[in-house]
Amino acid sequence: MNVLLILSVILFILMILIGGKTGALSFISLFFNFGVLMMTIFFMLDPNVNPIIITMIACAVISCINLFFIDEVNRKTATAFLSTLITIALLLLLIDMVTKITMIQGFGEEQSEELAPYSLYIGVDFVKIGASVIIISTIGAITEVAISITSSMGETLHHHPTISRKDLFLSGMRIGKDILGTDTNTLFFAFFGGYLALLIWFKDLDYTLGEIINSKIFSSEIITIFCAGIGVALIIPITSWINAYFPVKARKN
């Protein structure tokens, strides 16, 4: 507990020194987001509730916290919020199909020993829970890309107010290409960093490469990375188009 407190204090001080007011709001938003996730889990325990709908509401609330609470309500955050919702809605169709085809929901055989004393008949749809997990895993990366592109395009429009819609869109796409490579690699290394112990365990169990790839735990995380990467790729043209269309239209009006 003391270590957690010390680390949180260090993080808070650094965010204040570097980010000022925005850094302080970002630190507070961590607790708000944690509360939203806990409430989401609580509602998902109800068998009569659709986890997908709960997840979409949670993603919208998390996006509001990350965008409007930290950077206030303005054209930049509103555009990023709209882009995030559109991308999540499109990604949901893919994720729902993938979870049904791959059957990655539920627990893997490696977890059977820990789960043996408990009953798995808890009355919730594990297919929808699996889809919800992937959606929540992608919301942070998608929101980050949306606000990054929106901020950069806003600066471009500010310094070049006569720029055409096409050139502004291409500017956003070029910015997105740079972000795409770093974000997908971040997702990739976050997985291997978090699941390094699992990979070592697979090695100790003498798993072959095929057994590792076909393991439910491993494949579900890889699919999550791919879906998150697809979401990051999708939001780049969506955000670029919205940022290019509406500001130029408002300028003409």
Side-chain angles (χ1 to χ4, degrees), residues 22 26 29 33 52-53 55-99 131-132 134-188 190 223-253:
T22 303
S26 300
S29 69
N33 288 330
I52 301 296
I53 296 177
T55 303
M56 291 299 294
I57 296 174
C59 288
V61 174
I62 291 172
S63 299
C64 288
I65 294 172
N66 293 340
L67 296 172
F68 301 135
F69 177 73
I70 297 176
D71 293 322
E72 300 180 347
V73 180
N74 50 52
R75 186 190 62 82
K76 176 180 68 177
T77 54
T79 303
F81 179 72
L82 178 60
S83 304
T84 300
L85 292 185
I86 294 174
T87 304
I88 288 293
L90 294 175
L91 194 60
L92 177 61
L93 301 176
L94 173 65
I95 292 174
D96 183 61
M97 180 179 63
V98 168
T99 51
S132 298
I134 298 177
I135 295 171
I136 293 176
S137 300
T138 63
I139 185 64
I142 290 174
T143 307
E144 176 192 351
V145 174
I147 193 64
S148 298
I149 294 177
T150 303
S151 299
S152 301
M153 292 181 68
E155 287 297 312
T156 301
L157 186 63
H158 176 72
H159 292 287
H160 302 280
T162 59
I163 189 172
S164 66
R165 180 177 294 164
K166 179 181 178 181
D167 290 339
L168 185 59
F169 172 78
L170 293 177
S171 174
M173 292 296 295
R174 285 192 293 269
I175 295 167
K177 288 178 183 178
D178 295 333
I179 298 174
L180 180 61
T182 56
D183 263 48
T184 49
N185 277 283
T186 299
L187 295 169
F188 179 78
I223 289 173
T224 300
I225 293 174
F226 286 157
C227 289
I230 292 172
V232 170
L234 278 176
I235 200 168
I236 291 173
I238 292 174
T239 307
S240 300
W241 184 85
I242 294 176
N243 270 287
Y245 180 79
F246 290 103
V248 173
K249 182 180 180 180
R251 183 185 63 192
K252 290 181 178 178
N253 293 334

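The figures that follow rest on heavy atoms only: side chains count, while hydrogens, waters and symmetry mates do not.
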Measuring from [X]:[atom1] to [Y]:[atom2], what's the distance to the nearest 0.5 Å?
X: T224; Y: I136; atom1: OG1; atom2: CD1; value: 11.0 Å
X: T156; Y: L168; atom1: OG1; atom2: CG; value: 7.0 Å
X: I62; Y: I142; atom1: CD1; atom2: CD1; value: 11.5 Å
X: I88; Y: I139; atom1: CD1; atom2: CD1; value: 4.0 Å

Can you see which heavy atom on [X] is nearest to which on [Y], and at what distance?
X: S240; Y: G172; value: OG-C, 3.3 Å
X: K76; Y: S151; value: CD-OG, 3.1 Å
X: A228; Y: T138; value: CA-CG2, 3.3 Å
X: T239; Y: A146; value: CG2-O, 3.7 Å

Results of side-chain hydrogen bond (donor to acceptor under 3.5 Å, both in side chains) for [X] - residues two or more places apart only:
X: T87; value: none
X: S132; value: T55
X: D178; value: none
X: T143; value: none

### Task
Spell out, as yes or no, whether a donor-acceptor pair under 3.5 Å connects the side chain of S29 to the backbone of S26.
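Flag set: sc S29 to bb S26 pair under 3.5 Å.
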
Tell me, please, which residues at least two apart from [X] pass side-chain contact (heavy atoms from CB on, under 4.5 Å).
X: L180; answer: T184, V232, A233, I236
X: I53; answer: N50, I57
X: I230; answer: L91, L94, L234
X: I179; answer: V145, S148, I149, I175, D183

### Task
Before giving the answer on side-chain contact (heavy atoms from CB on, under 4.5 Å), spell out for I242 and I86 the whole-Å C-alpha distance, their side-chain angles and the decisive distance to 0.1 Å.
CA-CA 11 Å; I242 294 176; I86 294 174; 4.0 Å; yes

### Task
Output every pair passing ring pair (Phe, Tyr, Trp, His ring centres under 6.0 Å) with a member in residues 73-99, not counting sequence neighbours, ordered by first then second residue.
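Sorted pair list: F68-F81.
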
### Task
Determine which pairs satisfy side chain to side chain donor-acceptor pair (under 3.5 Å) with at least one residue from residues 59-74, sequence neighbours left out, and list them in order.
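Applying side chain to side chain donor-acceptor pair (under 3.5 Å) to every pair that reaches into residues 59-74, excluding sequence neighbours, yields N33-N66, N74-T77.
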
### Task
Under the side-chain contact (heavy atoms from CB on, under 4.5 Å) rule, what do T84 and I235 come out as? Steps first, then yes or no, please.
CA-CA 7 Å; T84 300; I235 200 168; 4.1 Å; yes

